[in-house]
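Below you'll find the structure, written out as C-alpha cells, and then a few comments.
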Amino acid sequence: MKSVLVGVGQAGGKVATALAEYDDEMGFRAVRDALAINSAKADLQGLPLDTVLIGQDVVKGHGVGGDNELGAEVMQSDADEVMTELSDRIDSETEAVFVVAGLGGGTGSGGAPVLAKELKRVYDVPVYAVGILPGRDEGALYQANAGRSLKTLAREADSTILIDNDAWRESGDSVAEGMAAINERIARRIGLLLAAGEPIEDRSLGLGGECVDRDVAQSVVDTSEVINTLRTGGLAAVGYAESPASEDADDNVNVVTSTTRQALLTGTSLPDASTADAALLVAAGRPESLSRKGVERARSWVEEETGSMAVRGGDLPLATDQIASLVLLGGVERSPRIQEFMNRAAEAQAETDGRSEGERKRDAADAFQNDELDDLL
Ligand SMILES: Nc1nc2c(ncn2[C@@H]2O[C@H](COP(=O)(O)OP(=O)(O)OP(=O)(O)O)[C@@H](O)[C@H]2O)c(=O)[nH]1
C-alpha cells in the first residue's frame, strides 16, 4: 500500500520513524514518504525525517504543554504550510495517508484530527489515523485529552487504528525502554500491513538479502482488501504473532492456525478487541511453507471468534523461517477495552473539571453508554 506517513507530536514523530525504518530494513518500500510535525522544536531535532514546526508565533517552539485545544488551534492556523509540505508528497500513486499521533498529549491529540479533516477535504485517498492511547498510570489530563481526541479522530479519519500503550508493557521496563519496545511492535504490525498491499514485483521479499522464488509466490493480499476491511470506519486494531515453521506446507496447518489464535487473543494492539465488523488475516512466510488449508482454517476461526461474516484472508510471501499471522480488525468500537477507556477518560475529564467523586462516576456512566458511543463513531 503506497503510503505517506505523517507523525504529529512527539509520539507521532517517533512511531512514524520506527515505521519508516522497519519498511526500509525489510525492503518493502510501501512507505513512500514520511513527515514529522510538532510545536516543540526540540522533539523534531534528531528525527531522520523531514519536519514542520507549527505554532511558532504562539508557543515559540516550546510545545503546547498537554493543551490539546491549543494543539488543534496551532495546527489549524498553520494548516496551509503543512498542506503545502504534503502536496509534494501525496501524488497519483499514493494509496493512503496515515496520520500517527499519541492521543494523550497536546500537539498530536489536538492536531491529528484537524489534519485528518484537512487531508480529507483536499485529497481523494483514504486517510487513516494510528492513535496511541495513554497507559492507565498516566495522569488525568492525558486520559481526558485522549477521550476527546479519540471521538474527533474517529469522526474525521476514514478509520482509526488504535494502539493501547498498556498492551505490551513489560513489568520492570523503564518508560523509555518500554516505549522503544512498543514502537518496535507497532512498526512490525502496521509495517507488515502496509507491505500486504504491495504488489509482489515492488517488494524485495528478502530478509538479509535472500529472495523468495517468484514462481511460487503467487497469492498476495492487495491494497483493496486492507481498504475494504477498514471501510466500516470507526475504530480498528491489529494483532500479530509469529512461530517457527517447518519447510513443508503440509506440516504447517496447525502452525498457521495456532499463530493466528495467538495474534488475535494475545497479540492485538487493543487487548480484548475480539468483536469486529470486518477482519483481514494475512499469513506471511515462505510460499512453500504456507499451508493454504491452514490459512483457510485460520480465516474461518477468525470469522467465528469475531462474529463477523466479512473476514478476508490471504498470504504474503516473505523469506523468513517463521510463519507470521497479522489480523486487522475493523469496527472494534464495541469492544470492552474501548468502553473501559471511555469511562476512564470521562472520569478524568470530570476530575480535571473539579466535580465530586459521586458526580463524576454518574457522569462517566451516563456519558459513555454503548449506544451513545456508537452514535459518536
Ligand atoms: N507508543 C508510544 N507512545 C508514546 C511515545 N512518546 C509518548 N507517547 C505517549 O504519547 C502521549 C503523549 O503525547 P506526546 O506525543 O508526548 O505529546 P505531544 O503530542 O508532543 O504534545 P505536547 O508535548 O503536549 O506538545 C502519552 O500518552 C505517552 O505515553 C512513544 O515513543 N511511543
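Just so you know, ligand 1 is whichever comes first in the structure, and atom 1 is the first atom listed for that ligand. The figures that follow rest on heavy atoms only: side chains count, while hydrogens, waters and symmetry mates do not.
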#### Entry: Side-chain donor or acceptor of Arg188 paired with backbone N/O of Glu184 under 3.5 Å
no
### Task
Return a yes/no value for Gly108: is any of its N or O atoms, backbone included, closer than 3.5 angstrom to an N or O of ligand 1?
yes
### Message
For atom 32 (N) of ligand 1, what is the closest protein heavy atom, and at what distance to 0.1 Å?
### Response
Asn183 OD1, 2.7 Å
### Query
side-chain contact (heavy atoms from CB on, under 4.5 Å) with Ile338: which of Leu270, Asp272, Asp164?
Leu270
### Ion pair check, Asp277 and Arg334, cut-off under 4.0 Å
yes
### Message
Need the ligand 1 atom indices (1-based, order shown) with element for anything under 4.0 Å from a heavy-atom of Lys14.
### Response
6 (N), 31 (O)
### Query
What residue and atom, counting heavy atoms only, is the protein's closest point to atom 24 (O) of ligand 1, and at what distance?
Gly66 N, 2.6 Å
### Task
Find all atoms of ligand 1 within a distance of less than 4.0 Å from any non-hydrogen atom belonging to Val64, and give their numbers and elements.
24 (O), 25 (O)
### Message
Tell me whether atom 3 (N) of ligand 1 lies less than 4.0 Å from at least one protein heavy-atom position.
### Response
yes
### Query
Under 3.5 Å between some N or O of ligand 1 and some N or O of Asp67?
no
### Message
Applying a heavy-atom cut-off of 4.0 Å, say which part of Ile182 lies close to ligand 1: side chain, backbone, both or neither.
### Response
side chain
### Task
If you have a sec, work out which protein heavy atom is nearest atom 25 (O) of ligand 1 and how many Å separate them, to one decimal?
Thr107 OG1, 2.7 Å
### Query
Are any of the N or O atoms of Val15 closer than 3.5 Å to those of ligand 1?
no
### Task
Step by step, work out the side-chain contact (heavy atoms from CB on, under 4.5 Å) result for Glu95 and Val125.
CA-CA 6 Å; Glu95 292 173 311; Val125 289; over 6 Å; no
### Query
Could an N or O of ligand 1 be found under 3.5 Å from any N or O of Gly106, whether backbone or side chain?
yes
### Query
Are Leu328 and Tyr22 connected in a single hydrophobic cluster, I mean Ile/Leu/Val/Met/Phe/Trp/Tyr linked by side-chain heavy atoms less than 4.5 Å apart?
yes
### Message
With nothing but distance in play, are any N or O atoms of Ala11 less than 3.5 Å from an N or O of ligand 1?
### Response
yes
### Message
Side chain or backbone, does Asn165 bring an N or O within less than 3.5 Å of an N or O on ligand 1?
### Response
yes
### Query
To the nearest 0.5 Å, how far apart are OG in Ser269 and CH2 in Trp168?
5.5 Å
### Query
Do Arg148 and Gln349 have side-chain atoms, one donor and one acceptor, less than 3.5 Å apart?
yes
### Query
Purely on distance, is any nitrogen or oxygen of Ser109 under 3.5 Å from one on ligand 1?
no
## Note on the structure
For Pro134, the ligand 1 atoms with a heavy-atom partner under 4.0 Å come out as 27 (O)
#### Entry: Ala40 to ligand 1, any heavy atom closer than 4.0 Å
no
#### Entry: Leu70 backbone acceptor or donor facing Asp67 side chain under 3.5 Å
yes
### Query
If only atom types and distance count, is the side chain of Thr259 paired as donor or acceptor with the main-chain N or O of Thr257 below 3.5 Å?
no
### Summary
In this structure, atom 12 (C) of ligand 1 is nearest to the protein heavy atom Gly105 N, 3.6 Å
### Message
Taking OH in Tyr142 as the centre, count heavy atoms belonging to other residues, nucleotides or ligands within less than 6.0 Å. Is the count above 12?
### Response
no
### Shared hydrophobic cluster, Val302 / Leu265 (ILVMFWY, side-chain heavy atoms < 4.5 Å)
yes
### Task
Scan side-chain atoms only and decide if Ser246 and Asp248 contain a donor-acceptor pair under the 3.5 Å cut-off.
no
### Summary
closest protein heavy atom to atom 20 (O) of ligand 1 is Gln10 N, 2.8 Å
### Query
At a 4.0 Å threshold, what atoms of ligand 1 neighbour a non-hydrogen atom of Tyr142?
12 (C), 26 (C), 27 (O)
### Message
Tell me the protein heavy atom at minimum distance from atom 29 (O) of ligand 1, and give that distance in Å.
### Response
Glu138 OE2, 2.6 Å
